[in-house]
Amino acid sequence: LEINTIAELKAMLSSERAKGKTIGFVPTMGYFHDGHLTLMREAASKADVVVVSIFVNPTQFGPNEDLDKYPQDLKHDRALAAGAGVDYLFVPSVDEMYPAGFKTFVEVEGITEGLCGRGRPGHFKGVATVVAKLLNIVKPEVAFFGEKDWQQLVVIKRMVADLNMDVQIVGVPTVREADGLAMSSRNSYLSARDRQAALALSKTLARANELVEAGERNAAKLMQKLRDFLATEKRVELEYIEAVDPESLAPVDEVKGDVLIALAARVGGTRLIDNTVIRQKLENSSDLF
Ligand code: PAF
């Protein structure tokens with residue numbers, strides 16, 4: 001069931017709530033792939049009613065980014081959502097979400113400054129603002145986000161805690177193509193040659209795991225080895241690769257415990273991101289438990 005206005009969605013969901021139904025929410029920008037469908041199925045397994053939004057949020061795109069050409073296929077999305085057990089597809093217009101006079105933004109400090117925040121100033125302010133609005137409109141018990149956008153997930157968890165929002169935020173593991181490429185709507189921009197070159201991203205993360213396994217614990221040395229490895233793929237232009245704490249996103253010097261390796265790169269003009277969490281047992285933790 002597709003709904004385009006906030007008032008109508010609120011009315012429908014308040015009658016669901018009155019019937020005692022729990023609501024699971026998946027915010028998206030559309031152009032669905034298996035990653036989105038996994039979030040929807042996850043929502044269907046954890047809540048009675050599944051709400052999915054499709055909104056290409058202009059406030060999270062920079063002036064030189066791909067807002068104008070962001071891929072869209074609403075007809076296809078409707079069919080996929082119906083097959084994934086979605087009850088309400090919320091597709092608001094830009095004016096519906098940002099009417100004349102709109103003045104309020106949500107800014108999460110610190111954790112939005114590094115990683116993707118450095119190359120995309122203002123991006124997370126737009127994300128936090130639209131997600132806060134969507135959570136206030138839908139008022140779900142639980143909302144689902146892909147771990148491919150790890151920093152986004154951390155930012156939203158922080159916002160929800162800081163603003164005392166009554167919603168559980170669930171991160172869902174990245175869904176990959178058979179050859180390792182992380183699913184993304186932006187993969188549709190890639191030419192066949194760039195699509196092949198883009199495999200270097202997930203291969204670099206696999207290499208990170210191998211190098212740590214083989215004993216590399218110095219984060220700076222590990223990052224240098226990974227940069228060298230990625231540099232062999234000439235079509236890939238690295239923006240950053242960093243080793244950080246998965247929760248605070250603070251850079252780490254040493255690879256111990258859980259460490260997030262996150263990267264962003266351009267392949268033929270298309271900006272792609274990927275990450276992996278290297279999980280290691282701490283030295284004195286027991287195998288018995
Ligand atoms: O991850 C996305 O698709 C977007 O950033 C989100 C969470 C839907 C906000 O516009």
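Order of appearance sets the numbers: ligands from 1, and atoms from 1 within every ligand.
- Gln196 and Arg193 form no side-chain donor-acceptor contact under 3.5 Å, judged by distance and modelled atom types alone.
- Residue pairs meeting the salt bridge (charged side-chain N to carboxylate O under 4.0 Å, His left out) criterion with at least one member in residues 138-151, sequence neighbours excluded, do not occur.
- A distance of 9.0 Å separates CZ in Phe124 from CD1 in Ile111, rounded to the nearest 0.5 Å.
- Relative to atom 10 (O) of ligand 1, the option among Gln60, His123, Met29, Lys133 with the closest non-hydrogen atom is Gln60.
- The contact set between ligand 1 and Val130, taken as ligand atoms under 4.0 Å from a residue heavy atom, comprises 9 (C), 10 (O).
- Atom 2 (C) of ligand 1 has its closest protein heavy atom at Gln152 NE2, 3.9 Å.
- Against a heavy-atom cut-off of under 4.0 Å, Thr28 is close to the following atoms of ligand 1: 8 (C).
- Thr59 and Tyr98 form a side-chain donor-acceptor contact under 3.5 Å, judged by distance and modelled atom types alone.
- A salt bridge links Arg41 with Asp34; the closest basic N to acidic carboxylate O contact falls under 4.0 Å.
- Under 4.0 Å from ligand 1, not a single heavy atom of Ile156 appears.
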